[in-house]
Amino acid sequence: MNRITAIILLTAAALGAAGQDTDSVPAPVALRGISVAARRVADVGRQETRIDSAALRENVALSLADVLGFNSSAYIKNFGRATLATVTFRGTSPSHTQVTWNGMRISSPMLGSTDFSMIPGYFVDDARLVHGSSSLTDTGGGIGGLVRLGTSARTWVPEGFSAQYVQGVGMWRTFDEFLRLGYGRGPWRVSLRTSYSSSPNDFPFTNRDKKILIYDDDNKVIGSYHPRERNRSGSFKDFHTLLSASYDAGHRGRWGIDAWYMSSNRELPLLTTDYSSNDFENRQREHTFRTVASWNRTSPYMALRARAGYIHTWLAYDYRRGLGGGVSTTLTRSRSHVNTLYAAAGWSWYPTDSWLFTADIDAHRHCVDSHDNALAAPGSDIVPGYDRSRIELSASLSAKWRPVRRFGAGIVLRQETFGSKVAAPVPAVFADYTVIPAIGLTAKASASRNYRFPTLNDLYTTPGGNPDLRPEQGWTYDLGLSSQFTLDGRHTFSASAGWFDSRITDWIQWLPSPKGFYVPSNVKEVHAYGIEAEAAAGLSLPRGWRLDISASYTWSASINCGEPVNDADRSVGKQLPYVPRHSASAVLRVGWRGWELAYKIQAYSERFTMSSNEYTITGHLPGYSLSNLSLDKSLNLFGLQWHAKAAVNNLFDADYRTVLSRPMPGTNVEFFLSLTI
Amino acid sequence: MKFKHLLNISLAMAAAASFTACSDADDPKPVIDPDLTSGLYVICQGNFGSANSSITFYDPETNVSAGEVFVNTNKIPLGELAQSMTIDGDNAWIVVNNSHVVYKTDADDLELEGSITEGLTSPRYFKNVGANKAYITQLYSNRIAIVDTKNLKVTGYIEVPGMDVATGSTEMMIKIGKYIYVNCWSYQNSIIRIDTTTDKVDASLEVGLQPKSMVMDKNHDLWILTDGSYEGSPVGHEAPRLVKVTTADFKVAATYEMTLNDYTPALAINGAGDRLYFIRNDVYTMSITDTALPAEPLIDCKGNYYYGLTVDPVRSDIYIADAIDYVQPGRVLRYNSKGELTQSFATGVSPQAFCWYDPSAINAK
């Protein structure tokens, strides 16, 4: 991390904090200009980061991976621009991050992970990172934590008709279009969001992983240089449309339905070490439809909820190479159909102001049909792959107690089954104590067991699936402090810092097998521990100036504590590959009379590509920081609200890699024009 | 770094082609000189999706090794999935499978001299077959590329009759007289014979599912080790086998069947060309005149899945590649001919192939 980065992050951290969850805040407690939100019994011990809506709506070109990268300390493993991006926290793997949308798990049942580059920030109304043990209140399987996403027309559609259109234009013929229509009347709220993004994505870069040789007349090498190349096979066309409707039936409850369709057609970029000609196709196509219908009914002492959902995904991966003369060979022709049915019901009971009891149950039924037709041998009707289904049931009971304003405690007991396998009960206990009420300084602690079942690919894919895999499991402990208060009713501050400690056994890892393909095995025990810290401040300054600053930082040790494979195994005691020890981000926004200048920075320390943490050219990726700058002007003209924005990405033209040999773009510029009715 | 200065290696390696797939001699009859020494390149495959292949050099005389030779010499990564290396005169030809490149380098220190990048689908092995002419075998293809080694261009292809393009596979090559013998591994069950004067496949022979490796003995007969494919494979699944093919009539002379799901990644032969070594879960050895598989292993691998195997053509020491966890630098274990561990040295990630090097032979030219 360079010096500028460190100064910015430290400054941000020193300023204190804010921008947190405000929708659940009951009556504030006033004390000499400082007001502190009273803590709800539902929030006992909960450690959660809410992504500010301004960050989600910053520009139409941003995916949720981009948003989280600059607004949290989660590690974004990004394989390239508009390419696979996974999110991990607390030194775990992408499959240890559970992801829900309106309560339904949307992580791939095949892979266990979610591609956050496929989720536009503009489509998410509510995004929260629920850390470690706290995720067990919502769902199981999130050993690192949970990314909880929500969309709802109710949260933003005003009475009457509203509309917004955004047009983005960026370098390398990147175009982003976004249309949002809303209509509200009485208890009804309906919205439709549609976006389309496309680009050849052929950004230039200096390929330092190749050498072009210079020869003399005698064919002797007399020099060399690194070629200037373009990102090859990186084009993308992503279409999303999301229909949301809600109906508030008063005491009979609130109904809602959200239906999201996405169609993606992306090429998969080549590594920087690939010398092949352009006579090939390496492409991934996806059509996903997901929908969730919900019903919630709330009374002063009780809340009932029910949800039902469905996901269909068609996923195609084609890899073809030309053989010359118009002939090509298909190396991969993979087709996957995934159908998921979802149902959930829950009940909350507040017998008194100090007690809360909840009971929840949900079920997901995944059906996966995945085959690689390119591997079908002539004359054989066997196609490698699998066709399997699995029912995942999860039920939880919780009791939370806040006998006095300053103290709360809670317990969650979760039970899950995967197919015919029943997990051992998963307990979690939480407690918090307000140490200094004047500034809302609260100490929190939690402990939980957690686990993750193998994915369907882990178990059944052919070749390679291992039906004998055991679930990953472990214990997590959290201890932290948080504070949140408002000064003079105008300035908001929040800060939190916490220690986490997890031990995960039977860590699943895919390794090359003797037969030439990868096979998953339970190979490691991992001790992940570290510190998470966040701080934010929102200042209302004289003469219409507004200053918002937020920062987050994680120090994460993720250590292999398993038995050595043999006496030469040097991985024991070492940091896991692709887990940075330090990750940080900060955002500074300065607003004045419709203008807003935003500066964002994210930084990661070095990452190792090898389990033994080697400092070699291919064993080690140096740390980097990435800065973005944008200027936004909003104004009312002709009775319409206009926004114009210019954004400079990778402001300092950092030459960086998130993943070995995956090129990333240098400085680039985008422009956005938004019209709102 | 110039290994000829560092290592003072002085081995004549005329026999190399008979015991590894890396060297290139028209008459591969082994020549044994116990006073001479040699060097060993270890080709480390790295990981799929990561450009972390590498090459390690080892001097058996001094037990000194040097890692990341290509990277240190050229200051660029070797690429993704290095598959094989072949020394031909002054040059080492390195095939990097998923980078779709064959590097031409100085055999002495792997300094880059050029590369073949056009016209390759998924290159696996390189073999010089004549003046400025070489073959490159490939995966996902039914064609073997013919290469002009002077201009570094693919000049044509040899199509394998009856082989499907998408599941096609051609692997190691051994040259005997005017013929090149090729084992066809992935989804295949045959070896083929190519007439280098016509660049045509003139015969093929079924030997068992997925012939993984191939060596030639002192009688110029071929030994092939199959891996039997895997459970659920469209081409079937069977017990691996060791097969002897007599090249005079190009027929299967003997078949030694193993047990279903035996792990059989590698086959090697000693410098004299009369003793086979192979991994069948453990390391076994047998004479080429034996009529049954050995009952007891020479080296107990203790449950480890070792990946590659070679035999020192001079000392008959046995070298086994150990990938450890496949995501850290591996190691090579060196055993004497009695199967006693004598040395080990670190390599790059996933060591899987070997190439014996003879600088003295080059210097003598």
Side-chain angles (χ1 to χ4, degrees), chain A residues 208-211 213 215 219 221 224 226 271-277 321-324 327-331 333 374-378 380-384 462-463 509 511-518 523 565-566 568-571 574 577 609-614 616-619 659-661, chain B residues 46-52 54 67-68 71 74-80 96 98-101 112-115 117-122 140-141 143 157 164-168 186-187 227 230-235 263 265 304-305 307 322-331 344 346 349-350:
Chain A
R208 302 187 194 286
D209 291 343
K210 287 184 184 173
K211 256 184 183 178
L213 301 179
Y215 298 91
N219 220 24
V221 177
S224 67
H226 296 299
L271 268 62
T272 51
T273 53
D274 198 317
Y275 287 83
S276 58
S277 62
R321 300 200 70 85
L323 299 176
V327 182
S328 67
T329 180
T330 301
L331 283 69
R333 187 173 180 273
L375 295 177
S380 170
D381 55 1
I382 299 174
V383 181
T462 304
Q509 190 170 10
L511 298 173
S513 77
K515 293 289 188 181
F517 44 78
Y518 278 62
V523 294
V565 173
N566 57 34
D569 187 350
R570 290 183 283 163
S571 68
K574 303 288 175 57
T609 67
M610 299 179 191
S611 61
S612 54
N613 294 181
E614 305 292 327
T616 62
I617 194 169
T618 58
V659 179
L660 189 66
S661 306
Chain B
N47 301 121
F48 179 76
S50 291
N52 62 346
S54 65
E68 301 263 20
V71 171
N74 299 296
K75 310 304 178 194
I76 56 171
L78 179 59
E80 181 189 3
V96 189
N98 232 21
S99 287
H100 307 99
V101 64
L112 192 57
E113 294 183 356
S115 53
T117 59
E118 300 288 335
L120 302 175
T121 305
S122 184
Y140 305 108
S141 175
R143 304 192 303 181
Y157 296 95
D164 180 60
V165 177
T167 56
S186 178
Y187 280 48
D227 69 17
Y230 59 87
E231 187 175 359
S233 167
V235 294
Y263 166 52
N304 291 300
Y305 289 106
Y307 209 34
D322 176 9
I324 308 178
D325 66 354
Y326 296 89
V327 281
Q328 68 177 291
R331 66 172 173 172
S344 70
V349 176
S350 296

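Remember, predicted model here, so these are calculated numbers, not experimental data.
Contact tally against chain A (heavy-atom pairs below 4.5 Å) for B:Gly232, B:Ser99, B:Gly49, B:Gly114: the top residue is B:Ser99. With respect to chain B, the highest number of heavy-atom pairs below 4.5 Å among A:Gly619, A:Ser571, A:Ser661 belongs to A:Ser571. When B:Glu68, B:Glu231, B:Glu113 are compared by the number of non-hydrogen pairs under 4.5 Å with chain A, B:Glu113 comes out ahead. The most heavy-atom pairs under 4.5 Å with chain B, out of A:Arg208, A:Arg321, A:Met610, come from A:Arg321. Taking chain B as the reference chain and counting heavy-atom pairs below 4.5 Å, the highest number among A:Val221, A:Val523, A:Leu271, A:Ile617 is found for A:Leu271. Contact tally against chain A (heavy-atom pairs below 4.5 Å) for B:Val349, B:Asn304, B:Val101: the top residue is B:Val101.
Contact of B:Ser54 with chain A is not made at all, since no heavy-atom distance falls under 4.5 Å. Proximity to chain B is limited to the side chain of A:Asn219, based on heavy atoms less than 4.5 angstrom apart. Residue A:Pro463 touches chain B through both its backbone and its side chain, counting heavy-atom pairs closer than 4.5 Å. Contact of A:Leu331 with chain B is made through backbone and side chain together, with heavy-atom distances under 4.5 Å. With a 4.5 Å cut-off on non-hydrogen atoms, B:Val71 touches chain A through its side chain but not through its backbone.
Under the rule for a side-chain contact (heavy atoms from CB on, under 4.5 Å), the partners of B:Ser50 that lie at least two apart in sequence or sit in another chain are A:Leu660, B:Asn47, B:Asn52. Taking the side-chain hydrogen bond (donor to acceptor under 3.5 Å, both in side chains) definition, one finds that B:Asn98 meets it with B:Glu80, sequence neighbours left out.
Looking at every heavy atom in both residues, A:Pro384 comes nearest to B:Tyr230 through CG-OH, 4.0 Å. Residues A:Thr618 and B:Pro77 come closest through the heavy atom pair CG2-CB, 4.1 Å. A:Tyr518 and B:Phe48 make their closest contact through OH-N, 3.1 Å (heavy atoms, listed as atom of the first residue, atom of the second, distance).
A distance of 14.0 Å separates CG of A:Asp209 from NZ of B:Lys75, quoted to the nearest 0.5 Å. Note that CG of A:Asp569 and CG of B:Asp325 are 5.5 Å apart. Values are rounded to the nearest 0.5 Å. Atom OG of residue A:Ser612 and atom CD1 of residue B:Ile324 lie 8.0 Å apart, to the nearest 0.5 angstrom.
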Verify side-chain contact (heavy atoms from CB on, under 4.5 Å) between B:Gln328 and A:Lys574, making sure each step is shown before the conclusion.
CA-CA 11 Å; B:Gln328 68 177 291; A:Lys574 303 288 175 57; over 6 Å; no
With side-chain contact (heavy atoms from CB on, under 4.5 Å) as the test, would you mind laying out the steps for A:His226 and B:Ile76 before giving the verdict?
CA-CA 9 Å; A:His226 296 299; B:Ile76 56 171; 3.9 Å; yes
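Within the 4.5 Å cutoff, side-chain heavy atoms of B:Asp322 are placed close to those of A:Asn566. Counting heavy atoms from C-beta on, the side chains of B:Arg143 and A:Thr329 never come closer than 4.5 Å. Inter-residue side-chain proximity for B:Pro329 and A:Arg570 is flagged as met; some heavy-atom pair is nearer than 4.5 Å.
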